[in-house]
Trainee: 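Okay, handing you the structure first.
Quick caveat, the model's predicted, so the values are computed rather than measured.
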There are 2 protein chains.
Amino acid sequence: MAERARRLRSRPAKEPLSLEAFTAAAFGLLEREGMEAVTLRRLAGELQTGPASLYAYVHDVQELHALLLDRALSAVDLHPASTDRPRDRLERICSSYLEVLLRHDGLARLAAGVLPFGENALALTEAVLECLRGMGLSRMRAAWGFDLLMLHVTAIAAEHDRRREQNDPIGRAHRGYVEAEAERFPQVHALNEELFSGTGTARFSWALDVVLTGISEAREPNN
Amino acid sequence: MAERARRLRSRPAKEPLSLEAFTAAAFGLLEREGMEAVTLRRLAGELQTGPASLYAYVHDVQELHALLLDRALSAVDLHPASTDRPRDRLERICSSYLEVLLRHDGLARLAAGVLPFGENALALTEAVLECLRGMGLSRMRAAWGFDLLMLHVTAIAAEHDRRREQNDPIGRAHRGYVEAEAERFPQVHALNEELFSGTGTARFSWALDVVLTGISEAREPNN
DNA sequence: ACCTGAACACCGTTCAAGT
DNA sequence: ACCTGAACACCGTTCAAGT
């Protein structure tokens with residue numbers, strides 16, 4: 001990692017981009033045109049070079065995605081000096097994380113498919129663990145609960161993102177299908193109303209409550 | 001090349017496959033070579049035709065994915081005549097769902113990116129809702145809880161699938177990085193052991209307990 | 001009318017050749 | 001020695017032309 005940075009710095013080329021400047025260029029593309037525009041070739045065009053040159057910065061496209069995600073995570077508000085109770089701070093952090101993931105088209109789907117690395121992911125982890133421990137949870141509950149919590153918020157964001165892309169925010173197509181199947185699927189039919197009710201924020205708020213309650217009240221985790 | 005073209009040309013127009021037979025061919029490809037091999041072009045080759053012909057069966061590649069996922073879901077064991085308590089039956093169903101998603105490379109990642117349609121997804125929904133209602137949960141808890149539960153299991157499966165592809169089942173790379181950051185990220189450092197402990201099944205079992213406990217004990221959902 | 005080969009507009013990655 | 005244009009091996013989708 002430091003090795004690559006040194007190599008880049010000593011490069012005599014006409015455009016000695018730092019890894020940060022490289023990432024910034026990729027992030028600009030994301031902001032202006034969404035994730036689907038962030039390809040190595042498009043980025044190469046942006047940087048006025050051929051696609052082969054980008055392999056000086058990243059080993060493959062997944063590494064570009066990881067860089068981009070961590071760059072985006074710098075915008076998450078961790079409420080570092082919050083005087084809230086830990087649980088309230090945690091809810092604020094999760095909401096900010098969700099908001100950041102939904103800020104650009106395709107970012108949430110990317111987050112659901114990348115193992116988070118880097119400074120900002122680590123800072124987010126630290127803040128969330130701090131809250132969970134501050135809520136009085138055991139080391140084990142905090143650790144495993146962190147995993148579940150982030151997985152959950154990321155998955156919810158990815159589903160929002162997906163529906164947004166398909167212009168089907170309430171799952172209308174699905175709903176129509178379900179309505180026709182009263183005899184064979186009585187439970188689905190009976191709960192059709194509830195299944196598709198609620199705003200995004202109401203559901204997210206409840207989802208957070210479910211996961212946090214579960215982390216606190218479920219049996220002690222044991223490996 | 002010209003030889004094959006002449007052979008095709010001299011044949012009468014092929015009778016179209018049923019959608020089922022078409023899906024079965026795609027599923028065979030998935031079984032033999034994993035999701036990454038399931039492309040419209042590969043499938044066209046398998047069916048001895050050009051890629052354009054597949055648009056008689058599906059509107060785009062996402063529809064192919066949806067077809068494939070539902071086909072895979074037919075293998076989920078719903079324990080229809082189970083005499084277990086609803087909660088136990090539900091755990092069995094979720095385990096079977098997880099196992100099916102992990103049976104083929106890339107399927108779980110696909111499931112995390114597709115809105116589930118079709119017969120088998122609906123049958124799974126019906127069974128899960130039946131269990132949740134059988135556990136005495138309100139209509140609203142059952143409906144919103146169903147969403148959360150499936151989202152959760154799917155997300156867990158997708159992460160397993162991803163790690164498996166990258167040959168990093170316990171997140172070794174991540175771990176090494178984290179260990180070096182004791183001063184700036186004390187919580188992460190202190191909980192490093194717990195964060196990476198536990199087998200996949202132990203963590204899945206706890207995750208199920210967390211979500212089910214949360215669904216039961218969290219505040220009543222309201223929209 | 002229907003099917004499909006060929007074309008179009010892209011991808012990520014590799015490598016030989018030019019500076 | 002290093003950078004990168006060009007090539008390679010693919011994608012999904014469209015459309016004109018042939019039977």
Trainee: Let's see if you can work this out: which of D/dC11, C/dG12, D/dT13 has an atom nearest to the side-chain heavy atoms of B/Thr39?
Mentor: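 Output: D/dC11.
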Trainee: Quick one: A/Leu54 CG to C/dT14 C1', roughly how many Å, whole number?
Mentor: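 Spelled out: CG on A/Leu54 to C1' on C/dT14 is 14 Å.
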Trainee: Check the distance between C/dC11's P and A/Arg42's CZ and give it to me in whole angstrom.
Mentor: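 A/Arg42 atom CZ is separated from C/dC11 atom P by 7 Å.
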Trainee: Any sub-3.5 Å donor-acceptor pair from B/Arg164's side-chain atoms to B/His160's backbone N or O?
Mentor: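 Pair absent, no side-chain N/O of B/Arg164 close to backbone of B/His160.
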Trainee: Let me know the distance between NE2 of B/His59 and P of D/dG12, rounded to the nearest Å.
Mentor: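 Rounding to the nearest Å, NE2 of B/His59 and P of D/dG12 are 15 Å apart.
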Trainee: Near A/Glu20 CD, under 6.0 Å, is it more than 12 heavy atoms from other residues, nucleotides or ligands?
Mentor: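 No, the 6.0 Å shell around CD holds no more than 12 heavy atoms from other groups.
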Trainee: Whole angstroms only, please: what is the CE-C1' distance between A/Met35 and C/dC11?
Mentor: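 Rounding to the nearest Å, CE of A/Met35 and C1' of C/dC11 are 13 Å apart.
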Trainee: Say whether, by atom type as modelled, one donor and one acceptor occur between the side chain of A/Asp70 and the main chain of A/Ala121 under 3.5 angstrom.
Mentor: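 Yes, the answer is positive, given that a donor and an acceptor are paired below the 3.5 Å cut-off.
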Trainee: Give a yes-or-no answer on whether the side chains of A/Tyr97 and A/Thr154 include a donor-acceptor pair shorter than 3.5 Å.
Mentor: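 Their side chains do contain a donor-acceptor pair, which is all the 3.5 Å distance test asks for.
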Trainee: P atom, C/dC10 versus D/dA9: distance in rounded Å?
Mentor: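 22 Å, rounded to whole Å.
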Trainee: In terms of the nearest nucleotide of DNA chain C, which residue is placed more toward the 5' end: A/His65 or B/Arg41?
Mentor: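 Nearest nucleotide further toward 5': that of B/Arg41.
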Trainee: Please pick, from D/dT13, C/dT13, C/dT4, the nucleotide with the shortest atom-to-atom distance to any side-chain atom of B/Thr49.
Mentor: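 Looking only at side-chain atoms, B/Thr49 lies closest to C/dT4.
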Trainee: Check the pair A/Glu36 / A/Arg109 against salt bridge (charged side-chain N to carboxylate O under 4.0 Å, His left out), numbers first and verdict last.
Mentor: CA-CA 11 Å; A/Glu36 109 241 61; A/Arg109 271 166 292 161; over 6 Å; no
Trainee: Hey, is the side chain of B/Tyr55 poking within less than 4.0 Å of OP1 or OP2 on D/dT13, counting only N and O atoms?
Mentor: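 Yes.
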Trainee: Measure the acute angle between the ring planes of B/Phe22 and B/Tyr57, then classify it against the limits of 30° and 60° as parallel, tilted or perpendicular.
Mentor: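 It falls in the parallel class, under 30°.
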Trainee: Please work out which of the three classes, parallel, tilted or perpendicular, describes the rings of B/His152 and A/His152, given edges at 30° and 60°.
Mentor: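 Geometry flag for B/His152 against A/His152: tilted rings.
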Trainee: What is the distance from CG of A/Leu40 to C1' of C/dT14, rounded to the nearest Å?
Mentor: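 So the CG-C1' distance, A/Leu40 to C/dT14, works out to 13 Å.
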Trainee: Heavy atoms from C-beta onward define the side chain here; which of D/dC15, D/dT4, C/dC11 lies closest to that of B/Ala52?
Mentor: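 When the side chain of B/Ala52 is considered, D/dC15 is the closest of D/dC15, D/dT4, C/dC11.
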Trainee: Would you kindly give the CG-to-P distance between B/Leu43 and D/dC11, to the nearest whole Å?
Mentor: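 Rounding to the nearest Å, CG of B/Leu43 and P of D/dC11 are 11 Å apart.
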Trainee: Rounded to whole angstrom units, what separation is found between the OH atom of A/Tyr57 and the C1' atom of D/dC2?
Mentor: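 Value for this atom pair: 13 Å.
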Trainee: Where does DNA chain D form stems of at least three consecutive Watson-Crick or G-U wobble pairs, each pair having both distances below 3.5 Å?
Mentor: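 Consecutive-pair runs (3 or more) involving DNA chain D: C:4-8 with D:12-16, C:12-16 with D:4-8.
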Trainee: I need the CD-C1' distance between B/Glu63 and D/dG12, as an integer number of Å.
Mentor: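 These atoms are roughly 14 Å apart.
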